[in-house]
Each structure stands twice: as C-alpha cells, then as structure tokens.
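Have a look at the structure below before the remarks.
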Amino acid sequence: MHVPLLIIGGGLSGLAAALRFARFIPDVLLLEQHSRIGGLNSYYYRNNRLFETGLHAITNYAPAAVKNAPLNRLLRQLKIKRKDLDIHQQNQSEIRFLDQESLLFSNDFSLFEAEIANKFPASHPGFQKLLQLIDQYDPFTPLPFISAKQVLQEHLQDTLLTDMLLCPLMYYGSSIERDMDLGQFVIMFRAIFLEGMFRPGGTIKDLLDLLLKHYTDYGGKIKTKATVKRILHTGKKIHGVLLSDGQEIRCDYILSTIGSEETFTLLDEPSSLEILPRLGFVETIFEIEKSTELKQGHDRTIIFYNAADQFLYQQPDSLVDFNSGVICLPQNFQDLPESPFKEVRTTHLANYSEWKSLKQDKSSYNSAKDRVALTSLPVAEKILGNFAQNIVYRDTFTPLTIERFTAKKNGAIYGNPVKIKDGDIGYDNLYLAGTDQGFLGIIGSMLSGVSIINQHILPRL
Amino acid sequence: MTRDAIRDLILEIIEDIDEDADFDTLQADKPLRDQLDLDSMDFLDIVMELRKRHKLQIPEEDYPELATLDSCVNYLEPLLADA
C-alpha cells in the first residue's frame, strides 16, 4: 500500500490536517491507535450516557464578520459552515483568588477591562499599555524565551493582578511551569480574553463525526486501532510505517501529531530536545441532579481559582495540588439545547510519577482516585455552594488515564514544554503538528494541523 | 480559455472560499489579498483549486504572479490556452 500522505494520530490536529489535505488530494490515510478518534478531546460511555473528555469550553470565539479571526479562518480552510458548529457563547467566567480578589470576564472584553479598572485602578494605565503590546505583537516569529511574567509585572506593578491574568492562560494551555513565553501568552490572551469562549450545541462526538464525515466524503481513509510500531526511513528520508500487526504502508509524506519525543521514538532516533518536567492534571466529573441549584455558582461557565497565598502553576510534590484549579460548569453556555444532565468538572495539577508508583497496587490507586474526588468536592463547594447530596455519578481521570487513552507521554495534556513552531524536526518529508507544534486548544490544534499541511506539504505535491 | 473565462474562474474560486466576498468594488490591478480580506492560507486555496480543476501545477516561486486579478489572468492565459 502506498499513499501520498500518511497522518499519525486521529486527534483534532490530525483530523483537521487530513480534512484539509483531502479537499484537494483525497488519497490520504489517517492512522489512530485508539478505537475512537478525538485524542484528548473525545468521549466515553458510562452510566448510560456519553461523557466528554477534554472539552470544557472552546476558546477563540469570534463573530462571523471578523474574517481573519482564527475560528473563521479555520472554518474557511476546512469548508465547514459556521452554522454546523452550532455556536453557543459562554455566559460569564471568573478568575477568583479566594480571600483576595475576583475578576469577571465574558466574550465582551469591556467587562474585563472595567473589572480591572475598578479593582486594580493603579494598574489600569499599565494594563492599557499591555493591550497595545498584545495588539502589536507577532507571536509567530520564532524568538528565544521571553518571560511573560516579567513583562506583565513591569506593566502592571502588581503581583496579584499578574498572577490573576496568568492563571487562566496557564491552565488552558501552558506546558511549562511558573511562567509562559510571551508569544504563547499573547496567543492565549487573545484566545481567552479578547476573543472568548463557546461550545457547540451538540457533544464533542457530533463535532468529531462532522469532521470525519467531511473527510470521508472527500475520499479520505481512516484506520483505527492502528498502532505504528516504527517509522521506516533511510537517514532523513521517510519511506513509510510499519504497523504493530506487521502491515507496511509506504508514503511520500508523514504528518505526525503524536508529540515530538513520541515521534523520535518511532524513528528509533534519540531526541535532542531539552528534557523539562511535563505537567499532569487530574479531572473529576461530578454529574449532579438536573434540578440542583448552585447557590453561589451564578451561572458562571468557567471559574479559575486559587486558594493559596501565592499562585503556583507547577508540578506538585504530592499526587494533586488542590490549591488552585479550574471549575467548569458545561451547562452554562447561552441557549444550549435542553439536556437531562448537569455537571461540575474540577481540574487540578497532578504529579505523574506519584500516580505511576501507586499503579502497582490497584486498590491503592483506586482509593487515591476517590480521595481526589472527595478532596476536590469541598473546594468546589466552597466556591459554588453545596451540591454533594445531589451527585448522581462521578469519575476521576488521572495522568495515567490520559496516558492510557491518548498515548500522551506522562499524560501531559499540553505536551512537551519545548515547542517546535515550524513543525520541522529535521527530516525531508516528515513534519510535526498538534500539541508539540505549539498551537493549543481545539481551534489552535486544528489550525496547527491545517497550517503545517499548507506550509510544508500541499505546495510540494 | 478566454481572458474573461479565466477571470470568472478566479472569481468563482474566491467566492467558493468566501461567499461574502464583495466583487463590486474590486480593482483588477490591485492585490486581491488587501481587497478581499484573504490571508495566505486562503490564497493557497486558489492555487490548489486550479490544480484540482485544471491539473495545473503552480510552483511556489510563481505564487506572486497571482497577486492581482489582472496578473492572474496574464499568468494563467498561456497555461489554460487549451482548457
């Protein structure tokens, strides 16, 4: 078997890349290791219903008229109609540093500006300057690391505000600890604060099915439960792949979306990338009775909280750090279709190795998962009001769960802290897209797949 | 293909990329990208559609030839002479 393009990984970046390519050249094969597509943004069935994994909210909301916005560029590139996404905007989200300060934001940026002007008046002029910097900054030019924290501090002269601005941006897309690169900060600031958040009216399965249908309608092929054992190459020239079932597939180009080190492993080549700690997370889904009123929830969509004196976005020494995290209320988007379910989702930073060492003993692993849910619960209740008595089902994912289902090394959802922005890892006809290329989030990862295809592969075929 | 037909072909491709594209005020000798809010990603669609529809292989170094409607027609006229 021979194809012009082989894509490894059926997550959103791989799917978008495949769809983009198949629009013009249908002869493309997408390989997915799992039985189900979606990667980090997928779903599973439990308790007679579908649960989404990954998706809290989609960042990069933009009205149709803003043609150069990432969302609209992506839709054009994939020829997907905006109405097929069935966009529902967030109500309102919040950054809450307990016993310190709270900032509300929505898809109307003036709310966030007013909040900052009211609550941090001394920093407001600096914030305006920061907005100018964000407006003019080109985050796509490769530059050495510039500390976003330092730039923020210089502008705002207020460590609390600096940390409050960083908290959502780190939780929704930073693979590095304690700081962000300025370019990544600008991308995330635009995606979350200047643009905003939404979700589709259907489930993530509907979105994946839509992408897959467009792809197969163009003639694209997909193979699930297909594990690549080795990438076949002579020096820097790729010939194809060997699957674990012994099948060999030849190709002209490979797009790998499985991560940089994961790709080097398949090439049987050492990765020369610097090794930095990868960030793991735990997430608990609490399904609650539909009639539950969250007394202090105020219809918030997402709450990014910190309860410690100082906000620390870093790998904890223990299993989980409950001092900060994300609380997501997936029903709180505008005009969502009626659903029989209501959820509270909590996310915290976790330590992969600690979880790994527990795994030897299934019962202690399971009881640790229970402990996580039961410790996270009062943290969420303190913010939302009580709902423990209304829980009908709960489930907890650890970094091991994520590693098992997505094959992301150490279950690190944001991948390698070292990003390869141009997708070039030194081979003639193999490129990298997805998490380790550096565009994050659902829209970001899809644009990653599309732009690497556009930049490196389509013009050459 | 006549010059007019090539012109229509290009406009048809652009309309396919962006159904709201406004051709009424389009100046044929000015860059398409500035006038139509097209970015480089959209621009690649023109190249790829020409390839798909007319088996035209436009090398990357010739992409600047497609900058304006006039230059598109000039560049494509000999290539699509038999189309």
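In what follows, every chain begins at residue 1, and chains take the letters A, B, ... in the order their sequences are listed. Values in this document were obtained by computation on a predicted structure and should not be read as measured data.
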Check the surroundings of atom [atom1] in [X]: do more than 12 heavy atoms from other residues, nucleotides or ligands lie under 6.0 Å from it?
{"X": "Arg7(B)", "atom1": "CZ", "answer": "no"}
{"X": "Lys52(B)", "atom1": "NZ", "answer": "yes"}
{"X": "Lys236(A)", "atom1": "NZ", "answer": "yes"}
{"X": "Glu60(B)", "atom1": "CD", "answer": "yes"}
{"X": "Lys213(A)", "atom1": "NZ", "answer": "no"}

By a 4.5 Å heavy-atom criterion (distance strictly below it), what part of Arg20(A) contacts chain B: side chain, backbone, both, or neither?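 For Arg20(A), the side chain is the part near chain B, not the backbone.
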Heavy-atom contact with chain B under 4.5 Å, split by part of Leu461(A):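 Its backbone and side chain both get close to chain B.
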With side-chain contact (heavy atoms from CB on, under 4.5 Å) as the test, would you mind laying out the steps for Lys67(A) and Asp39(B) before giving the verdict? CA-CA 9 Å; Lys67(A) 289 200 175 158; Asp39(B) 58 33; over 6 Å; no
How long is the straight-line distance from OG of Ser40(B) back to CD of Gln455(A), given to the nearest 0.5 Å?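 It is 9.0 Å, given to the nearest 0.5 Å.
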Please round to the nearest 0.5 Å and tell me the distance separating atom CE of Met48(B) and atom CZ of Phe21(A).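 Answer rounded to 0.5 Å: 7.0 Å.
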For a salt bridge (Lys or Arg N to Asp or Glu O under 4.0 Å) check, start with the C-alpha distance between Arg76(A) and Asp45(B), then their side-chain angles and the critical distance, and finish with the verdict. CA-CA 10 Å; Arg76(A) 282 201 302 278; Asp45(B) 279 31; over 6 Å; no
So for Glu49(B), is it side chain, backbone, both, or neither that comes closer than 4.5 Å to the heavy atoms of chain A?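 It is both, since atoms from each part get that close.
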Could you point out which residue of Asp42(B), Ile17(B), Leu44(B) forms a side-chain contact (heavy atoms from CB on, under 4.5 Å) with Gln77(A)?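 That would be Asp42(B).
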Would you say the side chain of Met41(B) lies within less than 4.5 Å of the side chain of Leu447(A), judging by non-hydrogen atoms?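 Side chain of Leu447(A) against side chain of Met41(B), heavy atoms only: contact under 4.5 Å found.
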